[in-house]
Amino acid sequence: MTREDELNVQVPTDSSDDDVTRRVFVHHLTFLGGGVVLLGGCKDDPKPAPPPPVALTVSHKTFTDAEWATLVAAVDRMLPRDEDPGALDANVPEYIDRMLQSEALQQMRANFVPGVAALDRRAQRMFKVPFAQAKPEQQDELLTIFKNSPEKTGEARWYEMFVVLVLEGFLGDPSYGGNKGEVGWKLVGFSLVGRNVKGDPKAPYDGSQRLHDLTCGGGKGC
Amino acid sequence: MAMDSVDVCIIGSGAGGAPLALELGRAGFKVVILEKGAWYKQTDFVHDEIMNSRRNFFMPLPWDEPHLWRTEGQPYTRSNEAWTANCVGGGTVHMSGFFYRLKPIDFRMKTELGAPKGSNVVDWPITYKDLAPYYDKAEIELGVSGNAVPHPFLEPRKGNYPLPPLAEHPVAPEIDKAAKSLGWHTIPTARAIISQPYRGRDSCVYCALCGSYGCEHGAKSSTGASLIPAALATGKVELRAKCMAKEITVDAKGLAKSVVYIDADGVTQEQPARIIVASCTAVESARLLLNSKSTRFPNGLANDNGQVGKNLLFSSFGQSKATFSVSKRSKDLPWLTSPMPFVNRSLQDFYVMPDERFGFRKGGTLGFMWSHPNPIFAAVGLAKKGENGVFGKALKDKLRTYRDSRILEFEIYGEFLPTDTTYVGVDGTVKDKYGLPVAAITIKRHPLDFTMTKFLVERGEEVLQAMQPDRVDRVGTAGETTILQGGTCRFGKDPGTSVLDPDCRSHSVKNLYVVDGSFLPTSGGVPLTLTITANSFRVAEKMVASLKKG
């Protein structure tokens, strides 16, 4: 068990047995989301090959066509359109594709992409069709299998990463490529305090670029 | 090659390092601050949850710079737990700025209440009275807004806060009423946020994305917005960002000689100084000392007695949330729709219990607030995982319910008893991206912590219930807030049992100081940022006097 796994259980729950387990290691703030699954492997794991230098502006860089079709279908089931816009309306797959290009998330990319292929393989095995062509109920069944897999298994961890990426893409700053038209924020009623009002109006905010400049490629010592 | 020597080299620019730098600069001494993190500008702070809260803007990535974490008896695992912000200003940049003072009894817990069996509770070598003038000073220098109303638990103070309280959400008087109906006394929470323009800084605009974000207006009184600019303005203080201290070296006499660090270009540098100060957080300062091994100090600098890293403290955490449906309740509860962000109410009726009736004597503080508005954080919590996880329409329904909800919560800042079983060491087998052994934290808490936290959570829930919400959900009663930390280099009079003397100077290395939370022998029942800052002002006065003597 890794500590990264433990981070996954930090989402506050109304569990009544926490006195026994003492596992509510709650962040005072929401660092890495308090329960987020950004934490792929360990430092000692083999590093994945660096991504192609083109990044952050062009869609569909992380996934093959087949993986992309699977991802889009799975994202749609996570937050389908009903009376309100869904994840595809928010361009969530594009967000995931772009975000997994960022240097800091290469470990996550290495863990996440094979899981998409695994979802497809499972669909082939169970329903004899690619995931994207399965019926919505079948897709839900497959996602549920991943969701309910025992903790720490590849399937369960993939599902947790998937939830996090979808929700980041649905509810993050639109400049990362998701939350198009702020449809996610409208759904949860997040008021639009999301702008640095002193920012330079000539340089519109670009979260991807900024994240990159400030924490990865920006200046000395990165 | 070593650089020119300076009077004082301070490692860390947060709540501990900055006050010292300011006072030394004012007194005319040459100071270099080494800060491992970036030097963000005010305009770098934007309301972007992904950047601020979910990437390495503030916190290092666990595969670059992990902390090892284990419950006693379990194997270590890698974590980003117990880091605070790595940037100029440190944890004060992303703090919520709940600025409480300790109470006189916190300094004399063993004498007044006794040390619970299995704990290492000791009295402090100073009293509240010794620190009080520096609390005053810290509140003025940083800029704290509040209103010190008389109440049964008010600590002695000379006057009111330097700035009037921030505007409150209209739920605040409702909490007052609820607590009063139970016979308790709510008090306004002071904040390190300026309610009016102050010393050239803009006042708060009530943006609601405060805690866990940097303030783009400079209204939050981080050291980066307040003390650091003032220190630099003295012309005597130089700040070097992205400089990671590797080791504090010692000379032949066993005095601290220099700080060896890796600079922003990855080049190893050496900064000699007459006095060297560690202020990197309790966990990281202990790590730095333990990694500074020499012939004179084979077990780590200032660690003759093996006490460095022992008695690690966090803050006991518990929390519950009350949910109100806006569509159903706002007719009866008109305050539900107010957008004001600050509740600023605290309850300290259970800070000290009069007897053992409930199994513990030392409690803590309940702070009331609106649930943090970060939408991704909220949604990930609602989606859950495993058998409890939901997706599809069920998840969208939850998100819509969330939109219609106002969530009032409290959190506990409770005493965290020092024990032999909660400590930090270094692990030579796991190194960070600089090649330095990382901090390894072991935690096994005193059972009374949980008895106490549960009691406080139950009282908080009674307040919430008295407000008749749609529901109250308990988050937990057995957590710890690891961004609030102390205890790894206790100060004390006895060189055998403490690391620092009462002036936060090492017993064994006479020109080495530690001024972050490390000095704390006990955690107190409040967030400790103000206390760390006040103590650093206190230490600064002593240090200036000793430097002037030569």
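Labels below follow one simple rule: chain letters A, B, ... track the order of the sequence lines, proteins then strands, and each chain is numbered from 1. In this text, all values refer to a predicted model and were calculated from it rather than measured experimentally.
- In this structure, chain B has no heavy atom under 4.5 Å from any part of A:Phe146.
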Residues A:Glu168, B:Arg55; criterion salt bridge (Lys or Arg N to Asp or Glu O under 4.0 Å); working and verdict: CA-CA 12 Å; A:Glu168 284 192 357; B:Arg55 297 294 185 272; 2.7 Å; yes
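- Between B:Leu484 and B:Phe317, the closest side-chain pair of non-hydrogen atoms is not below 4.5 Å.
- With a threshold of 4.5 angstrom between heavy atoms, A:Ser149 does not approach chain B through any atom at all.
- In this structure, no portion of A:Asp76 lies under 4.5 Å from any heavy atom of chain B.
- Interface check for chain B: of the options A:Met78, A:Lys147, A:Arg77, the most heavy-atom pairs under 4.5 Å are formed by A:Lys147.
- The shortest distance between side-chain heavy atoms of A:Thr62 and A:Met99 does not fall below 4.5 Å.
- Within the 4.5 Å cutoff, the side chain of A:Lys180 has no heavy atoms near those of the A:Glu94 side chain.
- At a 4.5 Å heavy-atom cutoff, the contact between B:Ala379 and chain A is made by backbone and side-chain atoms alike.
- No side-chain heavy atom of B:Leu382 sits under 4.5 Å from any side-chain heavy atom of B:Val380.
- With a 4.5 Å cut-off on non-hydrogen atoms, A:Val188 touches chain B through its backbone and its side chain both.
- Neither the backbone nor the side chain of B:Val205 comes within contact range of chain A; no heavy atoms are under 4.5 Å apart.
- Here the two rings, on A:Phe112 and A:Trp158, have centers that are under 6.0 Å apart.
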